[in-house]
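Notes for the one structure printed next.
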Amino acid sequence: MQVVATAGHVDHGKSTLVRALTGIEPDRLAEERRRGLTIDLGFAWTMLPSGREVSFVDVPGHERFLGTMLAGLGPAPIVCFVVAADEGWQAQSSDHRDAVAALGIDQGLLVITRADLAPARVEQVTAEARTELAGTGLAEAPAVAVSAVTGEGLEELREQLDAVLARAREPSATQPVRLWVDRAFSLAGTGTVVTGTLPAGTLHREDRLALCGARRGGEVAVRGIQSRGGALEQLGPVSRAALNLRGVGTEEIGRGDALLTPGAWELTDLLDVRATTGRGFEDAPSELMIHLGTAAVPARVRPFGAEHARLTFARPLPVSVGDALVLRAGGSRAVHGGALVLDVDPPPLRRRGDGTRRAVTLTAMPADADVALEVRRRGAVREDALRRFGVRIPPALPETVRRHGAWLVDAGAMTDWAERLTRLVDAEQRRDELSAGVPGKAAVDALDLPDAELLTAVTAAAGLAWAEGRVRSSAPTGLGAAEAGITALEQRLRSAPFHAPEAEDLAGLGLGARELAAAAAQHRVLRLPGEVILLPTAPALAMRELSRLSQPFTTSEARQALATTRRIAIPLLEHLDTRGWTRRVDAGHREVVR
């Protein structure tokens with residue numbers, strides 16, 4: 001399946017051509033049929049000689065309906081550009097060409113209609129149209145002359161269209177859905193129905209989609225799917241889709257809104273762009289109308305020279321790096337130009353000269369977002385955020401990018417953070433010899449890390465240790481004035497490992513709670529409840545003795561085996577329970593876990 005939009009000057013036979021190819025009347029409105037003028041988007045479909053199906057989006061050609069034309073052309077990947085043989089290239093032909101160029105459409109056909117009215121002019125009009133289309137993606141498009149009245153050329157057109165579709169780029173059925181709504185209405189007994197072109201991704205009945213709308217957001221459910229008049233369980237790209245929605249009224253959704261895979265798109269009202277066609281930004285108005293998909297929103301313009309600008313939308317839209325925008329001056333019926341989205345998460349501009357520096361950065365940015373560049377300028381960024389921005393993540397990351405959990409981190413930024421964290425820990429140790437380390441939150445704030453989750457990676461990169469919510473040196477640093485007391489305590493406990501000192505003994509060694517906490521942080525001693533101080537080897541030594549007892553054993557038997565007191569035995573046994581080395585059998589007995 002593919003979708004083809006028409007384009008061309010008013011009254012050059014676009015609707016007549018679609019009707020002749022499909023047998024379906026694309027002009028839905030009574031006023032359109034009465035006036036013989038397309039006012040709104042029309043839709044039709046047919047089967048080509050190969051059996052390939054094609055849907056048409058027929059757009060109005062009159063200058064007053066340029067916005068409607070852009071809503072039909074924007075989501076379509078292929079265009080059928082129509083020029084009448086008897087009239088040749090006209091004013092709106094240029095407007096539609098400029099729109100095609102701005103959107104970067106490079107798949108389609110040139111169709112010279114009404115060939116029966118001016119057969120002698122077909123060659124001349126074709127050459128003229130090719131001259132006008134030079135520099136656009138349709139410059140080399142196949143050309144066919146037809147008459148919808150006599151049928152001349154229609155079979156050749158079907159064959160050429162079939163060939164164009166066969167060569168068309170294959171869309172991805174696995175990409176996130178972004179369906180731009182072009183029509184919303186209500187059917188009796190059915191409820192809200194919306195239509196749009198599905199350029200990528202797959203829709204399923206009962207899918208839940210996020211609504212990005214001018215009137216509301218939130219989640220809606222797909223109650224039913226139709227395409228080309230038939231009900232479907234699922235629908236892939238590229239297709240015209242009619243969705244029966246649950247959870248939204250027709251007054252809450254309309255053209256310009258988008259239905260999205262939840263969490264897969266960045267909704268933004270601020271982005272940086274590069275001019276691709278037209279007049280650029282140097283003399284652009286301070287406000288432009290921006291067309292994306294079927295949406296049209298006003299945007300403030302901050303130029304960074306002729307080629308680049310920052311746009312601030314009147315409301316957030318689901319925008320992706322690489323999207324093509326059509327720019328139109330407010331009140332104008334002509335296209336101002338086209339722009340390519342470079343950044344949907346641009347940095348703030350607060351200092352003098354930031355605009356000039358940003359222009360230099362944007363000039364150097366490639367048209368396709370580079371993951372190494374995007375990570376480097378942020379230091380670190382969540383991988384799912386980059387995907388929302390539209391940045392492709394290659395299977396093999398560049399050498400300068402490291403993955404740490406959900407984060408992608410620049411190698412240079414990681415080195416800088418690690419060096420700064422080392423200096424921070426050293427300064428803390430010099431300030432206080434007994435410090436247990438730098439608190440995690442203080443480290444995150446000092447380094448200005450984008451997320452506390454990254455601190456463990458920076459700590460490891462710096463060769464530091466992370467324990468009990470603090471960062472400290474991984475090598476023993478000594479205990480300053482308390483070193484002598486701890487050394488004496490260690491010697492005493494080596495000879496009597498279960499004879500924990502009493503409070504007066506500790507005081508005599510000059511060891512208070514702060515000194516003992518510092519020693520425990522360096523794994524010099526083990527602090528148990530009740531200020532029972534042992535060596536870190538005490539639990540393993542205790543297990544050797546307890547394993548020799550008849551199992552299960554009582555607390556009294558354990559105390560005797562360890563040659564210690566009840567004050568020491570109880571917290572030690574509870575510590576062994578916590579480690580899972582022993583377990584309670586009943587209120588009075590424990591056993592060693594084998």
Side-chain angles (χ1 to χ4, degrees), residues 4-21 26-27 32 35-39 42 56-66 68-70 72-73 76 78-103 105-161 164 277-279 326 328 332-338:
V4 177
T6 62
H9 188 76
V10 63
D11 199 32
H12 274 205
K14 297 185 294 297
S15 301
T16 304
L17 179 65
V18 170
R19 190 184 309 115
L21 286 171
D27 288 338
E32 291 177 313
R35 296 172 59 183
L37 176 70
T38 298
I39 298 172
F56 290 93
V57 179
D58 186 38
V59 308
H62 197 282
E63 61 180 352
R64 286 187 293 142
F65 307 119
L66 180 62
T68 301
M69 183 277 289
L70 290 169
L73 190 62
I78 300 171
V79 66
C80 185
F81 203 100
V82 172
V83 182
D86 57 327
E87 291 191 5
W89 195 268
Q90 297 292 313
Q92 268 62 65
S93 301
S94 295
D95 292 337
H96 289 212
R97 172 206 58 202
D98 294 346
V100 166
L103 290 167
I105 297 175
D106 58 1
Q107 303 177 111
L109 302 94
L110 170 61
V111 181
I112 308 301
T113 56
R114 304 211 295 240
D116 58 312
L117 299 182
R121 284 175 46 83
V122 167
E123 188 173 333
Q124 173 192 340
V125 171
T126 302
E128 179 186 20
R130 287 220 179 275
T131 299
E132 294 288 348
L133 290 170
T136 74
L138 297 183
E140 303 298 326
V144 182
V146 304
S147 168
V149 175
T150 68
E152 174 192 353
L154 287 179
E155 284 308 311
E156 182 186 356
L157 175 57
R158 289 188 178 94
E159 292 172 1
Q160 288 284 9
L161 183 58
V164 167
T277 64
R279 286 170 278 175
V326 180
R328 187 163 58 92
S332 172
R333 294 175 178 176
V335 172
H336 177 87

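Atom set for the values below is all heavy atoms of this structure, side chains included, hydrogens, waters and symmetry mates excluded.
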Could you please spell out the steps behind the side chain to side chain contact (heavy atoms under 4.5 Å, CB included) verdict for Leu17 and Thr6?
CA-CA 9 Å; Leu17 179 65; Thr6 62; 6.0 Å; no

Please enumerate all residues that pass salt bridge (charged side-chain N to carboxylate O under 4.0 Å, His left out) together with Arg19, with sequence neighbours excluded.
Glu25

Distance-minimising heavy-atom pair for Val111 and Cys80
CG2-SG, 3.3 Å

Which heavy atom of Ala85 sits nearest a heavy atom of Ile112, and at what distance?
CB-CG2, 3.7 Å

Looking at every heavy atom in both Ala101 and Thr277, which two are closest together, and how far apart are they?
O-CG2, 3.7 Å

Any salt bridge (Lys or Arg N to Asp or Glu O under 4.0 Å) involving residues 118-132? Give me the pairs, sequence neighbours left out, ordered by first then second residue.
Arg97-Glu132

By side chain to side chain contact (heavy atoms under 4.5 Å, CB included) - contacts of Leu103 (at least two apart)
Leu73, Ile105, Val326

Least distance between heavy atoms, Phe81 atom then Ser93 atom:
CZ-O, 3.4 Å

Using a 3.5 Å cut-off and no angle test, enumerate the donor-acceptor pairs between side-chain atoms of residues 151-160 and protein atoms at least two apart in sequence or in another chain.
from: Glu155; atom 1: OE2; to: Arg158; atom 2: NH1; distance (Å): 2.6
from: Arg158; atom 1: NH2; to: Ala20; atom 2: O; distance (Å): 3.4

Who passes ring-ring contact (aromatic ring centres under 6.0 Å, His included) against Phe56, sequence neighbours left out?
none

Side chain of Lys14, backbone of Val82: donor and acceptor closer than 3.5 Å?
no

Before you tell me yes or no, could you show the steps for His12 and Gln92 under side chain to side chain contact (heavy atoms under 4.5 Å, CB included), namely the whole-Å CA-CA distance, both residues' side-chain angles and the distance that decides it to 0.1 Å?
CA-CA 10 Å; His12 274 205; Gln92 268 62 65; over 6 Å; no

Which donor-acceptor pairs under 3.5 Å do the side chains of residues 133-148 make with protein atoms, sequence neighbours left out?
from: Thr136; atom 1: OG1; to: Leu133; atom 2: O; distance (Å): 2.6
from: Thr136; atom 1: OG1; to: Leu138; atom 2: N; distance (Å): 3.2
from: Ser147; atom 1: OG; to: Asp116; atom 2: OD1; distance (Å): 2.9
from: Ser147; atom 1: OG; to: Val149; atom 2: N; distance (Å): 3.4
from: Ser147; atom 1: OG; to: Thr150; atom 2: N; distance (Å): 3.1
from: Ser147; atom 1: OG; to: Thr150; atom 2: OG1; distance (Å): 3.1

Reported CZ-to-CG distance for the pair Arg328 and Asp98, which is rounded to 0.5 angstrom
13.0 Å

Looking at every non-hydrogen atom in both residues, tell me the closest pair between Thr113 and Ala84 and how far apart they are.
OG1-CA, 3.5 Å

Heavy-atom closest contact (Asp86 atom, Ala118 atom, distance)
CA-CB, 3.7 Å

